[in-house]
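The block underneath contains the structure these notes are about, expressed in structure tokens.
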Amino acid sequence: MGVTKRLGFDKETEAIGKICKALGHPTRIEIMTLLWKRDNRTCGELVELIPLAQSTISKHLLELKKGNLVRIKNEGKKSIYSIEVENIQILKKYLTSYISTIEISEQNKSTVLTTKHKARGRNSHLKQYNYQFPDKKNKAIEILAICE
């Protein structure tokens with residue numbers, strides 16, 4: 001087995017990665033939407049609004065907690081869930097920055113999107129092209145551009 005290379009990203013990039021991973025399921029996005037509409041809900045209230053088992057909703061809430069998107073306040077036997085607004089602001093800042101640079105040519109970008117990586121592998125010379133292999137007449141196979 002190979003050794004996984006661990007890149008050292010800044011705190012904000014790590015936070016955005018955690019947030020995006022936590023939002024990587026439609027149920028979790030629905031939970032966040034419901035909490036955004038009305039904060040401070042119990043798991044039971046969310047179960048009433050989303051037709052899934054309580055255990056399933058609990059697992060999704062745990063993933064949102066791991067992503068630092070929800071805060072849990074215990075009141076007796078009840079757990080009250082609310083949105084961790086500061087981390088939503090981090091995501092908003094990132095997405096706003098990303099959207100504002102989308103129309104700017106790659107050479108002129110000055111955000112996190114300018115990260116440079118060397119292309120490696122036997123097809124690295126194709127990195128800038130969509131390439132159709134001649135022996136694959138029925139299927140167009142695209143080689144996605146590798147970030148430079």
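Of all non-hydrogen atoms in I31 and I50, the two that sit nearest each other are CG1-CD1, 3.6 Å. Closest approach of A22 and L64 over heavy atoms only: O-CD2, 3.8 Å.
Under the side-chain contact (heavy atoms from CB on, under 4.5 Å) criterion, K92 pairs with Q89, T96, sequence neighbours left out. A search for side chain to side chain donor-acceptor pair (under 3.5 Å) contacts involving K66 returns E63, not counting sequence neighbours. Shown here are the salt bridge (Lys or Arg N to Asp or Glu O under 4.0 Å) partners of R71, two or more places apart in sequence or in another chain: E84. Among residues two or more places apart in sequence or in another chain, the side chain to side chain donor-acceptor pair (under 3.5 Å) test is passed with E48 by none. Residues satisfying the side-chain contact (heavy atoms from CB on, under 4.5 Å) test with Q54, not counting sequence neighbours, are C43, V47, S58. Listed by chain and residue number, E12 satisfy the side chain to side chain donor-acceptor pair (under 3.5 Å) test with K93 (two or more places apart in sequence, or in another chain). Under the salt bridge (Lys or Arg N to Asp or Glu O under 4.0 Å) criterion, E75 pairs with K73, sequence neighbours left out. Partners of T56 according to the side chain to side chain donor-acceptor pair (under 3.5 Å) rule, which considers only residues two or more places apart in sequence or in another chain, do not exist here. Residues that satisfy the side-chain contact (heavy atoms from CB on, under 4.5 Å) test with K78, not counting sequence neighbours, are T42, I80. When the side-chain contact (heavy atoms from CB on, under 4.5 Å) test is applied to K18, the partners found at least two apart in sequence or on another chain are N68.
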As a quick check of understanding, evaluate side chain to side chain contact (heavy atoms under 4.5 Å, CB included) for M32 and I88, giving each step before the final call. CA-CA 10 Å; M32 290 299 292; I88 298 297; 3.8 Å; yes

CA sep, side-chain torsions, deciding dist, call: I72, L61, side chain to side chain contact (heavy atoms under 4.5 Å, CB included): CA-CA 9 Å; I72 304 169; L61 284 165; over 6 Å; no

Evaluation steps, side chain to side chain contact (heavy atoms under 4.5 Å, CB included), between D10 and E14: CA-CA 6 Å; D10 61 73; E14 290 284 347; over 6 Å; no

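No single ILVMFWY cluster, assembled from side-chain heavy atoms under 4.5 Å apart, contains both L62 and I57. Note on L95: it clusters hydrophobically with L69, by side-chain heavy-atom contacts below 4.5 Å among ILVMFWY residues.
The stretch residues 41-77 participates, sequence neighbours left out, in these ring pair (Phe, Tyr, Trp, His ring centres under 6.0 Å) pairs: H25-H60. Pairs passing the side chain to side chain donor-acceptor pair (under 3.5 Å) check and including a residue from residues 31-40, sequence neighbours excluded, read R38-E45.
Residues R41 and Y81 fail the side-chain proximity criterion, which asks for heavy atoms closer than 4.5 Å.
To the nearest 0.5 angstrom, F9 atom CZ is 11.5 Å from I16 atom CD1.
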